[in-house]
Every structure is written in structure tokens, then in C-alpha cells.
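Report on the structure given below.
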Amino acid sequence: MDDLEKAILIMFDESGTVDSALKQKAKDYCDKIKEEQAICSVCIEKLCFSNLVQVQFWCLQTLHEVIRIRYSSMSLDEKYLIRKSVFSIACFGGFDDKSTVRVLEGPAFIKNKLSQVLVTLIYFEYPLVWSSVFVDFLPQLSKGAMIIDMFCRVLNALDEELINLDYPRTPEELAVAARVKDAMRQQCVAQIVRAWYDIVSMYRNSDEELCASVLESMRRYISWIDIGLIVNDAFIPLLFELVLVGGLSEQLRGAAAGCLSAVVSKRMDPQSKLPLLQSLQMRRVFGLVAQDSDSELVSNVAALLTGYAVEVLECFKRLNSEDAKGVSMELLNEVLPSVFYVMQNCELDSTFSIVQFLSGYVATMKTLSPLRETQLLHVGQILEVIRSQIRYDPMYRKNLDILDKIGREEEDRMVEFRKDLFVLLRNVGRVAPDVTQIFIRNSLATAVGSSSNWNVEEVEAALSLFYAFGESINGEAMRTGSGLLGELVPMLLSTRFPCHSNRVVALVYLETVARYMKFVQENTQYIHMVLAAFLDERGIHHLNVNVSRRASYLFMRVVKLLKLKLVPFIENILQSLQDTVAGFTSMDYTLKELSGSEDGSHIFEAIGLLIGMEDVPPAKQSDYLSSLLTPLCQQVEALLRNAKVLTPEEAPQKFANIQQIIVAINSLSKGFSERLVTASRPAIGLMFKQTLDVLLQVLVVFPNVETLRSKVTSFVHRMVDTLGASVFPYLPKALEQLLVDSEPKELVGLLILLNQLICKFNTLFRDILDEVFPAIAGRILNVIPVDALPSGPGSNTEENRELQELQRTLYTFLHVITTHDLSSVFLSPKSRSYLQPIMQLLLFTSCKHKDILVRKVCVQIFIRLIRDWCAMPNGEEKVPGFQSFIIENFATNCCLYSLLDNSFEFRDANTLVLFGEIVLAQKVMYEKFGNDFLVHFVSKGFPAAHCPQDLAETYCQKLQGSDIKALKSFYQSLIENLRLQQNGSLVVR
């Protein structure tokens, strides 16, 4: 053993006894040898004399690399040596007569690597240099199985490395592949096909594995060789015979089926394809799919039948003659029962899409009106396929019920998987509505009739079908209960499935009931059944908290839809919900399974919608509301009284209870309109005011509990909408408390509340805003820096994100103030001291903020303030110093210098909107300040930006004209010209 062989063995050692340093040293040594000029000779010699597979593999790998990388620089002698040696080795020979080792006796991975080397030579040399490679190989096949096997490996490698378009190819590779295929078609394909036929005929009884390998190679080539070489009286009968003979191995029979699949899938024009498909007499193999569905043979035959069906359907679509369509439909009708069986019972080939095929078939049915008996039968089978496909696997039953990680993943997967199947269902429902409804009725009836718990998946699938079918029914058909709907909906409402305790069944049941509510809206005799479904253990009283909370949400939607029709049932509904209402506000904090939108509070919204209607008598309405609000407020008051004796252990749960009560009252109030509580029934309004009074105490007692603060803020929002202007007396106290110790995040919530108040009440809100603005401005200006917030590495902290959000919300708040005629608030004696810092902040932001939309808002604020505070030219100044601040700072910095920066990107849509506001600002400044603005802007601003005199004069003309579009267009080109001169180097002062 020489040093190279030792190094290779060390490099490939997997025993764990060789340390990594030695391995690296061995690798470095081998890499150095690779660089030698005579490396190809070294490798060939080792292949002939070394029986160490590691050495053989390294030599073949090295040859492969060297040929790929260095081929163009090799000498003719070297290329000849490699070609001759590699071909000789592949044909069970050696380098010369002294060779003692036969590579073909080695393991499969060595032979595969050898075939790869040979294919690399074919890539560079066939057919121009080495035209006889295939012709030379064919006579060698008579040497026996070992050479035939090697030939198959070479053909397979050629397909994988070059020809097969399933792999990404470079343009050069595509050109080489075309060259190789053209040469093979011309020179040797017919001989290779003849060799395949002879080998399979000869070895079918003695070496089935070899025959399977040959057919596997052949399958790869059928797509691009002359189909007549395969579809003839010799080969097709042989392939069918191999598939159908029971005594042969599954591998061989499956390989033959694979070749037939390739024949079926070969791309051809439909006029030629249809006779070919007809000639195959495919019915011969239909019976094979009913055998063991897990076998390799059945998988291959299944792929053959589905591929055949796809091609026949394609012929039907693309051929126009009645005869051709008739033949296509006949073949399709013949194969479809087997295809439906395959879809439900076999492992399908990944390239076949059930939904795509069936959607295509259903689309053809639209042209066949009315549907014939065969098509109606097929519709039933398609529905059966859909049902079997959407059914959950029983192995996930427990996971889905408790909704653990596995259950959640399976549910998400199934939701995604079902989307296309439900689209198909809707299409089937439109083509054959009666058959679809009968199928759903029978599915439901079967599910109802089952007395055991085993049918969870059957019931869920039947209900899901009915639910999805609802999407294909128009509103009119839904209301009138056309077809079988008049039977199906009552059947659904009256049903109690044995497996109703299961989460997935209960959820889809409730969703389906909710979907068909328009039918109940017209057929009010079923309302009591709907209420029972939602209020008993099938819905809100279900043991599973996910189900009960979803039921609360869906019930709220039902109430919104049926509203008035539920008035006679209010008493019974409230009675049924007593325990649910009580349980919601006394839930153990540590046991809250859900958070977010479905927290159970929708039941209060549903109750609010029911009792908040004007059709409810006033006395009853007061009683209902009082019976709900009084105990909830008493609970809060009791918790507040005991606040001082709360232990750290008790506090989280008590806070959670208060939070739940506020959420409940908030939801309840959504059912009451402002008109009802302020005009027609002020007694109701008084109850909500008293409730607001109680809940504002929460801010006093627990000022620093963020969750409670946000819930109370949310309730104040709600009361602004519900109580209207009658909420004013409560606002100063509320706003004052919300400001106490408020963090940036809480200040954002406060500003959003103020925005709502301003937008709703406009100038009516002036007095309260006058009072609170100084404290709010002082608090925010203390927190927000006047210049830019930190940016760059390490700046993306929670604290900085909250400050950014506060900054954005502040500008929105200032914008809302100015656009609602409230800018005088800035000028009140208490607020005056904040005017300058606010103006500086707006100026800096309008020039430099990274967010273009924020800059736009600031420019709009300035425009509004100029209009509000500045008289026409030479008029009296309303705000001393404001005009000079605008002319000397805002005009030059924002309207000129900030635009010269290259970051101001005119191609961006938002930037163009900002630019439009900046041009408008100049127009407004000229209207208000006249030549004071124009002289300063042109004499101070333009020279600093090196603006030529003629352009400055044109600017003055455009500004004084009435065409703002012309001004905008000119000013953009002016800025772009100045920017080219400045090269973006002007600094915004």
C-alpha cells in the first residue's frame, strides 16, 4: 500500500479512531496529488490494481472532477487514455492485460460513480469526438448481466446528469442535451430499443431484477424517442404480459407498468394521441388495483390509470369533432370507476393532483346538459372521493380533541388541504345540485344513525361537506330552502350526535348551523331549535372551553341576524345564560385557556344586542340591564374596597377578575345605541354613567396596573360612542387619571382616546382639551427627544419602538387638533410655553424623519396653522414671531433644503404625495405672506442652493400663477437640476 492509498483510507475513516488533524493532513496530501499533471494516469492505474473501494471511489471522483474542470486543457493523448480506459473498465475489462481488479464486481456506489465519469466524457465528446460510444457498448451486452447492468446505469446517469428536465439546467447544458439526443435518435436509439426488448425477453424468467433495471432505464427515454419503437405489436404486448402475469416479481411488473405510464404520458398532438390510447385496451389492468393497496405493483398500476385518465380527459377537451369527443368520453367512462377506487384506496403518485383532474372532469360536465346517468353516477363517486379525502385520520382523534401541538399541526394542515377540495365541492354542487344535496343528506343520516363514538371522523366530514356546500348556495335559495335544504337544515338542528362531546364535531356543527341562519330567518318556526343548539351542551354549555367560547361568538352573530325575531325568547335566553354570565367574571386567572378575540365575552355582546333593542319594553329593559350591571359593579367595588389588604399572591387573580368584568360590561354596552341611552331612555344612560363612575375608580386605586388601565381606557372609548356628549362631566377625571405615571405605551392609548373625542365632538371638546393639553404636552415632550430617535445597531429595543409609536401618534394627535378647528388650544395661556418646542419638533420631523408619511402629516399641520394664524399680507400678526419662524425656518429648510437630499426619492409614490404638500405649503405661504416670503425664499434660500437666476425668476412666475400642477412640475425639475449641481451635499439647517 503506497502513501496515496494510506492517505485515502485515513481521509475516509469512519471508525472514530483517527484524529481530525491527521484526517486533515491526509486530505491536504490527496488534494496536492490531484494537482499533479499525471493524476489521470495515477487514477486509472489504481482502478486496475487496487481492490480497496475507498481508493476506487476517490479515483473515480477525482477523474470526474478533473474531466469536468480541465477537459479543454488536456492533451489529445490524455483524453484518449481516459476514454479508452474508462470504457474498458465499464465493459468489465481493465487498463491492460495485467489488470487484476474488476470495478464492475464492486458495490453499486462505485458503479454509479463510474457511470457518472462515462457520462461526463459523453457530455464533452459525443458525437463529434467519440461518436461510437453507444454503438461500441451494444455488442458488449452479450457478455452478460454485469455489463447490461452497467449499461443501464450509464443510461440512467445520462438522464439524470443531462437530459431530464426535472432538474434545473443551464443554457449550455440544454444545448448539449439537444445535441446528444439528436445524435442518438439518428444513430443508435432503434438498436438500444431492440437490445432492451431482447434482454427482457431473454432474462424475464431467469433474472427479473435485471429486467426491471432495463425497463426502468427505458421508461426514462420513452418521452423523447420515436414512440413507434415502443408502441408496436412486439413491445406493447410484452409490457402488458409482464404487468398481468401473476408469477413475476412486483418489481418487474411495476417497472413494466412504469413504461406503459411513460407511453401514456408522452406529449403528442391529440389527433394522434387518442388512437394510441384507444389501442392500448387499458381495461386489461383495471382489476389489478383491487389487490393489496400497499404493494409496489398497485402503486404503479394506480399511477398508470390516473395518468391514462388525465390524457383521455385532455383529448376530450382539445378535440372538437363529435366522434373524437364520443371516443374520449367512452374511454373516460370506462376508466373512471377504477380511478375513483384508486383515489380512495391507494397511495397516489405525487405528480397526480386529484383535485385538478376532478375539477377538469367536472368542467366538462357543464357542456353535457342535462347530465346522463353515467355522469350522475360519477358525481356521486366524486363526492365520495371528496368525503374520503377530507376525513381526519382517527389516529389524531385525541390530539385534535385536546388540541395539543400535534393536533394543532394536523388541524392547520387539514384546513389548507381542504381548500381546493371544497372549491371542487362547490363546482360539483353547481353542476349537479340535487345529487350533491342527496349525498349530503345520506352522509348526515348515516352519521346520525351510528350509535357509537367510532364515527367522529365520519360525522365531522359529513358536517364539513354540508358547511362547505353552503358557499355554493345563493341568498335566495338559502332563504327559501330550495331543493333538499328545507329538509336538511331542520335535520341538522334537531340532531344530537353520539360524539358531540368531541371538539372538532361540536365546532363544525355550530359553524354549519350559523352558516344556514338565513334559512331560519325566513322560517322562524325553527328559531327555538337554533336557540337549543347554541344554549345547551352542544354549544355554550359544551364541556370544552374552546367550543363554548366559539359558540358564544357564533351566537352573537346569530343574534345580530335574527334580532327582532328573538324578542319573545329573551326571558328564556337570559335564564339559560345565568351560569355562563356568572362564570365569566369569576374565572380562575391561572386556568384561562384562551386569550385574544374569543375570550367568551361575546356572550355579553349577544345579551346587549338582545336587551338593547327599542322593541324591549322600557321597564323590562331597565330590569334586564340592572340585573346584569349591578352585581358586576358590586364585585368591582368590593375588590376596590379590599385593595389595601391584597397580598401579592392574590393580586393577579383579582386584577384578572376586574379585567373580565370591564370586558363584559364593555361588550354588553355594544347593544345600546346613543339615541336610546341619551334621548328615548335616559334611565339606561344613567346606569351606564354610574357604571363609568365605578370603573374610573379602578384608575385611582390601581394607577400602575397596565392591563386594568388599558381595559378602562377601552371602556371610556365605548362610553364616548354610547353616551355621546353626556360623557363630558366624566372626562376630566378620566383623562387626569390616565395621565398619572403613564409610560409611552399608555400615552399612545390616551392620545388615541383624545383623537376619538376630537373627531366626534369637534369644537364642543375645546374646553376640556384646553384643560388637559398642557399636562399631556409636558409629559410627552419630556419623553420624546427633539431630534431623531436612536437608530442603527442595538437601537431596535422595545423602549425605542414604543417611543417611535408615541411620536407617530403625537403627530396624528396634533394633525387632528389642527384639522378640527382647535389650533387655538396651542395658544391658551397654560399651553403657550409648549408652542416653541412643538414647532421645533414639527420642523425637525418635516425635514428629516425617515417615515415619509410622518413628514407629510407635519407639513399638513404647518399648512393648517399658517391658514389659521396668519392674516393676508400686511395684516396684524395673531401669533407674534410665527410668520418669521415659518419664512426663515420652515420654508427654506423643509420646502427647499430637505428636498435636495438624495434620500428624497421622486420615484416613490408616498414621496410624491409629500412633495405635493410641500408645493401647496409654498402656495399658501405666498397667499398669506406675499413678497415677505417670496423675497426671502428666492434671495436667501436659492443662492445657498446655487440656483441660477433665470430658474429663480421662472419659479416666481409659476408661484404667482394659478396653475398648481405647472408649479409642481417645474419645482420638481428645478430640485432635480439643483441636486445634480449640489450632488446632495447641502446640509439641512
Side-chain angles (χ1 to χ4, degrees), residues 751 754-755 757-759 761-778 780-781 784 786 810-847 849 854-896 898 914 916-937 940-941 959-960 964 989:
L751 292 179
L754 288 165
N755 287 345
L757 288 160
I758 295 167
C759 292
F761 300 115
N762 295 304
T763 52
L764 290 176
F765 189 60
R766 188 191 309 276
D767 292 345
I768 296 175
L769 189 60
D770 261 338
E771 281 299 309
V772 299
F773 184 78
I776 289 166
I780 293 175
L781 290 171
I784 291 181
V786 177
L810 170 66
Y811 297 130
T812 306
F813 173 55
L814 297 174
H815 187 264
V816 169
I817 289 174
T818 54
T819 53
H820 287 79
D821 299 317
L822 290 167
S823 59
S824 61
V825 166
F826 301 141
L827 307 177
S828 70
K830 289 181 186 172
S831 302
R832 198 78 186 226
S833 61
Y834 298 110
L835 184 59
Q836 192 194 4
I838 287 172
M839 291 302 112
Q840 289 295 343
L841 189 62
L842 286 170
L843 176 63
F844 181 85
T845 307
S846 66
C847 296
H849 202 283
V854 171
R855 285 168 72 172
K856 181 194 78 173
V857 166
C858 293
V859 173
Q860 288 172 334
I861 293 169
F862 275 124
I863 292 170
R864 188 66 195 223
L865 292 177
I866 294 165
R867 283 176 169 156
D868 284 359
W869 292 350
C870 301
M872 298 312 265
N874 307 317
E876 189 184 335
E877 271 201 88
K878 188 174 178 183
V879 184
F882 180 68
Q883 179 172 325
S884 60
F885 169 79
I886 291 294
I887 292 172
E888 292 167 20
N889 295 288
F890 172 71
T892 49
N893 280 308
C894 177
C895 300
L896 179 58
S898 75
L914 167 60
E917 294 295 335
I918 286 171
V919 171
L920 176 62
Q922 293 169 61
K923 198 79 179 154
V924 172
M925 285 187 282
Y926 180 68
E927 284 168 15
K928 292 290 186 179
F929 310 143
N931 285 330
D932 288 352
F933 157 67
L934 193 54
V935 168
H936 186 276
F937 196 63
K940 297 281 173 67
L959 184 69
Q960 289 162 330
I964 192 156
R989 292 191 281 274

Quick one: are I886 and L865 in side-chain contact, heavy atoms under 4.5 Å? no
I'd like to check the side chain to side chain contact (heavy atoms under 4.5 Å, CB included) partners of L920; sequence neighbours left out, ordered by chain and number. I863, R867, E917, V924, I964
Count the heavy atoms belonging to other residues, nucleotides or ligands that lie under 6.0 Å from CD of Q840, then report whether that count exceeds 12. yes
Sub-4.5 Å side-chain heavy-atom contact between F882 and I866: yes
Please answer whether the main-chain N or O of P774 pairs with a side-chain N or O of K830 as donor and acceptor at a distance below 3.5 Å. no
CD1/I861 to NZ/K856 distance, rounded to the nearest 0.5 angstrom? 11.5 Å
Validation row: R855, C894 side chains within 4.5 angstrom (heavy atoms): no
Run the numbers on L757 and L769 for side-chain contact (heavy atoms from CB on, under 4.5 Å), then give the verdict. CA-CA 10 Å; L757 288 160; L769 189 60; over 6 Å; no
Rounded to the nearest 0.5 Å, what separates atom CD1 in I784 from atom CG in L810? 5.0 Å
Passes side-chain contact (heavy atoms from CB on, under 4.5 Å), Q922 versus F937? Steps please. CA-CA 10 Å; Q922 293 169 61; F937 196 63; 3.8 Å; yes
side-chain contact (heavy atoms from CB on, under 4.5 Å) between N889 and M839: does it pass, once the steps are laid out? CA-CA 10 Å; N889 295 288; M839 291 302 112; over 6 Å; no
What is the distance from atom NZ of K940 to atom CD1 of I887, rounded to the nearest 0.5 Å? 11.0 Å
As an exercise, state the distance from CZ of F885 to CZ of F862, rounded to the nearest 0.5 Å. 4.5 Å
Taking every heavy atom of S823 against every heavy atom of T818, the minimum-distance pair comes out as CB-CG2, 4.4 Å
Give me the ring orientation class for H849 and Y811: parallel if the planes are under 30° apart, tilted from 30 to 60°, perpendicular past 60°. perpendicular
Taking every heavy atom of G778 against every heavy atom of Y834, the minimum-distance pair comes out as CA-CE2, 3.5 Å
Reported OG-to-CZ distance for the pair S846 and F890, which is rounded to 0.5 angstrom: 5.5 Å
Going by heavy atoms in the side chains, are D821 and N762 under 4.5 Å from each other? no
Distance check, rounded to the nearest 0.5 Å: I758 atom CD1 versus R766 atom CZ? 11.0 Å
Do I776 and L751 make a side-chain contact, defined as non-hydrogen atoms from C-beta onward lying under 4.5 Å apart? yes
Check whether K923 reaches the backbone of L959 with its side chain - one donor and one acceptor, N or O, closer than 3.5 Å. yes
Please report the shortest heavy-atom distance between C895 and M925, naming the atom on each side. SG-CE, 3.8 Å
Would you say that Q883 contacts F933 through its side chain, given a criterion of any heavy-atom pair below 4.5 Å between the two side chains? no
Closest non-hydrogen atoms of E888 and T892, given as atom of the first, atom of the second and distance, are O-OG1, 3.0 Å
Is it true that a side-chain atom of T845 and a backbone atom of L842 form a donor plus acceptor pair closer than 3.5 Å? no
Any side-chain heavy atom of V859 within less than 4.5 Å of one from L914? yes
Do the non-hydrogen side-chain atoms of W869 and F826 ever get within less than 4.5 Å of each other? yes
